[in-house]
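Structure first, then comments.
Letters go in sequence order (proteins before strands), and every chain restarts at 1.
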2 protein chains.
Amino acid sequence: MPKQTFFHLPKEKQGTIIQAAKSEFSRVALHEASIANIIKEADIPRGSFYQYFDDKEDLYYYLLHQIADENNDRFIAFLQEKNGDIFETLLDLFQYMIQNHGNEEHKSFVKNAFLNMNYKMENILANDIYQENKRSQYIKMISLINTTNLNVKDEQELHHIFKIIMAVTFQNLIQAFVMDLTEEEAVTSYNEQMELLKRGVGKKENSANEFS
Amino acid sequence: MPKQTFFHLPKEKQGTIIQAAKSEFSRVALHEASIANIIKEADIPRGSFYQYFDDKEDLYYYLLHQIADENNDRFIAFLQEKNGDIFETLLDLFQYMIQNHGNEEHKSFVKNAFLNMNYKMENILANDIYQENKRSQYIKMISLINTTNLNVKDEQELHHIFKIIMAVTFQNLIQAFVMDLTEEEAVTSYNEQMELLKRGVGKKENSANEFS
DNA sequence: TTGACTAGTGACACAGTGTCACATATAATA
DNA sequence: TATTATATGTGACACTGTGTCACTAGTCAA
């Protein structure tokens, strides 16, 4: 978490630094990003950087959590809009995330974030100040899910289902970013997988496969 | 890929270097590992290291691919043993992977590998010499899957199902490693998710939820 | 014995990090 | 206004780690 000094800065200066950092982190992955580039672009001395942040990671995870929070908010908003339908919500969110929004830099940042996702997963899962926030957001999401369309017998199962769906969603996002799939390719494939999740992949008794 | 020079080395010296590298990579994640530690433990001069490998990553991914290949072979062997039942196979493999095998170092290496999984995903997905090998292994796996127990109508769906199952498996592996779950916790949760995958999470018409 | 090739070696230039002593600004108090 | 305290700004510097290169040392064939 950035130090208080950073938050005492005029908003404009904060913005300049954030902008420089985003630019650097969208240029290359975390482990290749250099503080030198950030301070050069933000035009602040090296010493100042360390007045504001512990290190490169501190700044990076601050930005990452901001974006994650935005997406969580968006998730919750979509979920409300779609009356709790998790599939419709995630399809929209998936589509939203792989779209460009006319900002190549933001997309690069997010792509690099996925590439770094496990770079220091302890850091993300760590019991830091974000943790409580994350937990309550998770509970909110779960509570908003409309279970009338889901074949779910208890809350435990709902957690499992959420986990499954998120795993598949993430994998598809990563693939879309890393393999540079077109939006259509990505969405079609994602959609088909979601249908399989709904239907189930185990053989039903009296049904025969065309293919086997 | 290590340079030819490395492969010309006597097996024993190769082993010493590999051992030193595994030790370092199990101590810390890739981005924190240092060549200095590896050459110190292997007792070779710095210049020699660069005769054998391009850099730290070169050595690291070589080891990682070795382990991945071993696991792929194990996957295929299990699949044959279980008459192509993908669920039984993966449950066994899952259990196998989170077990210790009396080698704390190997487990640390694998854990760090998961933490670094996306560190440089391009590297892993890159069209390198492993690619062809991987592709053919994938095809072999798919061909071994017994579809009589799966509700699958064409090959496209089989690919999707494989992808889904692997996504969920990986997520559970990562979680087990990072959150230090006991084997029982991990396997129980994984198992329950697999059952949901088989059954499907979408609501069947005439069935009612206890919970909603 | 010479030449050609392959491998071994460690000093070194270079790049990047985090720190620290000092400089400067701001605000509160006498 | 002068004084003091506190917060912030600054860049030179020590330190760590990387990759290179000129040189050395083997090996083998002519």
Nucleic acid contacts of residues 7-20 of chain A, taken as heavy-atom distances under 4.0 Å to DNA chain D
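Result for residues 7-20 of chain A: A:His8, A:Leu9, A:Lys13, sorted by number.
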Strand contacts (DNA chain D) in residues 44-53 of chain A, 4.0 angstrom heavy-atom criterion:
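Output list: A:Pro45, A:Gly47, A:Ser48, A:Gln51, A:Tyr52.
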Run the side-chain hydrogen bond (donor to acceptor under 3.5 Å, both in side chains) test against [X] and tell me which residues pass, sequence neighbours left out.
X	value
A:Gln14	none
B:Glu88	none
B:Lys3	none
A:Glu157	A:Lys153, B:Arg199

A correct 5'-to-3' footprint of nucleotides 23-28 of chain D, with B, S and - meaning base, sugar-phosphate only and no protein heavy atom under 4.0 Å, is ------
Using atom [atom1] of [X] as one end and atom [atom2] of [N] as the other, report the distance to the nearest whole Å.
X	N	atom1	atom2	result
A:His31	D:dT18	NE2	P	13 Å
A:Ile39	D:dG9	CD1	P	14 Å
B:Lys40	D:dG17	NZ	C1'	14 Å

Test: salt bridge (Lys or Arg N to Asp or Glu O under 4.0 Å). Region: residues 36-46 of chain B. Which pairs qualify, not counting sequence neighbours?
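Qualifying pairs: none.
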Where do B:Ser23 and B:Ser26 come nearest, in terms of heavy atoms and distance?
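The pair with the smallest heavy-atom distance is O-OG, 3.0 Å.
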Would you say the side-chain atoms of A:Glu24 pair up with the backbone N or O of A:Ser34, donor to acceptor, closer than 3.5 Å?
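Checked: pair present.
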Side chain B:Gln171, main chain A:Lys163, donor-acceptor under 3.5 Å:
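At least one qualifying donor-acceptor pair exists.
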For the pair A:Phe162 and A:Tyr138, name the ring-plane relationship: parallel under 30°, tilted 30 to 60°, perpendicular over 60°.
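Taking A:Tyr138 first and then A:Phe162, their aromatic rings stand perpendicular (interplane angle over 60°).
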Applying side-chain hydrogen bond (donor to acceptor under 3.5 Å, both in side chains) as the test, list every pair that has at least one member in residues 73-85 of chain B; sequence neighbours left out.
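Only B:Asn71-B:Arg74, B:Asp73-B:Gln137, B:Arg74-B:Tyr96, B:Lys82-B:Asp92 qualify under side-chain hydrogen bond (donor to acceptor under 3.5 Å, both in side chains).
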I'd like to check the salt bridge (charged side-chain N to carboxylate O under 4.0 Å, His left out) partners of A:Lys13; sequence neighbours left out, ordered by chain and number.
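Scan of A:Lys13 (salt bridge (charged side-chain N to carboxylate O under 4.0 Å, His left out), adjacent residues dropped) gives none.
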I'd like to check the side-chain contact (heavy atoms from CB on, under 4.5 Å) partners of B:Thr182; sequence neighbours left out, ordered by chain and number.
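B:Thr182: side-chain contact (heavy atoms from CB on, under 4.5 Å) contacts with B:Glu184, B:Glu185.
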Going 5' to 3' along DNA chain C, which nucleotides are the first and last within contact of chain B (any atom under 4.0 Å from a heavy atom)?
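First and last nucleotides in contact are C:dA7 to C:dG10.
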Reference residue A:Leu144; test side-chain contact (heavy atoms from CB on, under 4.5 Å); the match among A:Thr89, A:Ile86, A:Leu79:
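Only one option passes, and that is A:Leu79.
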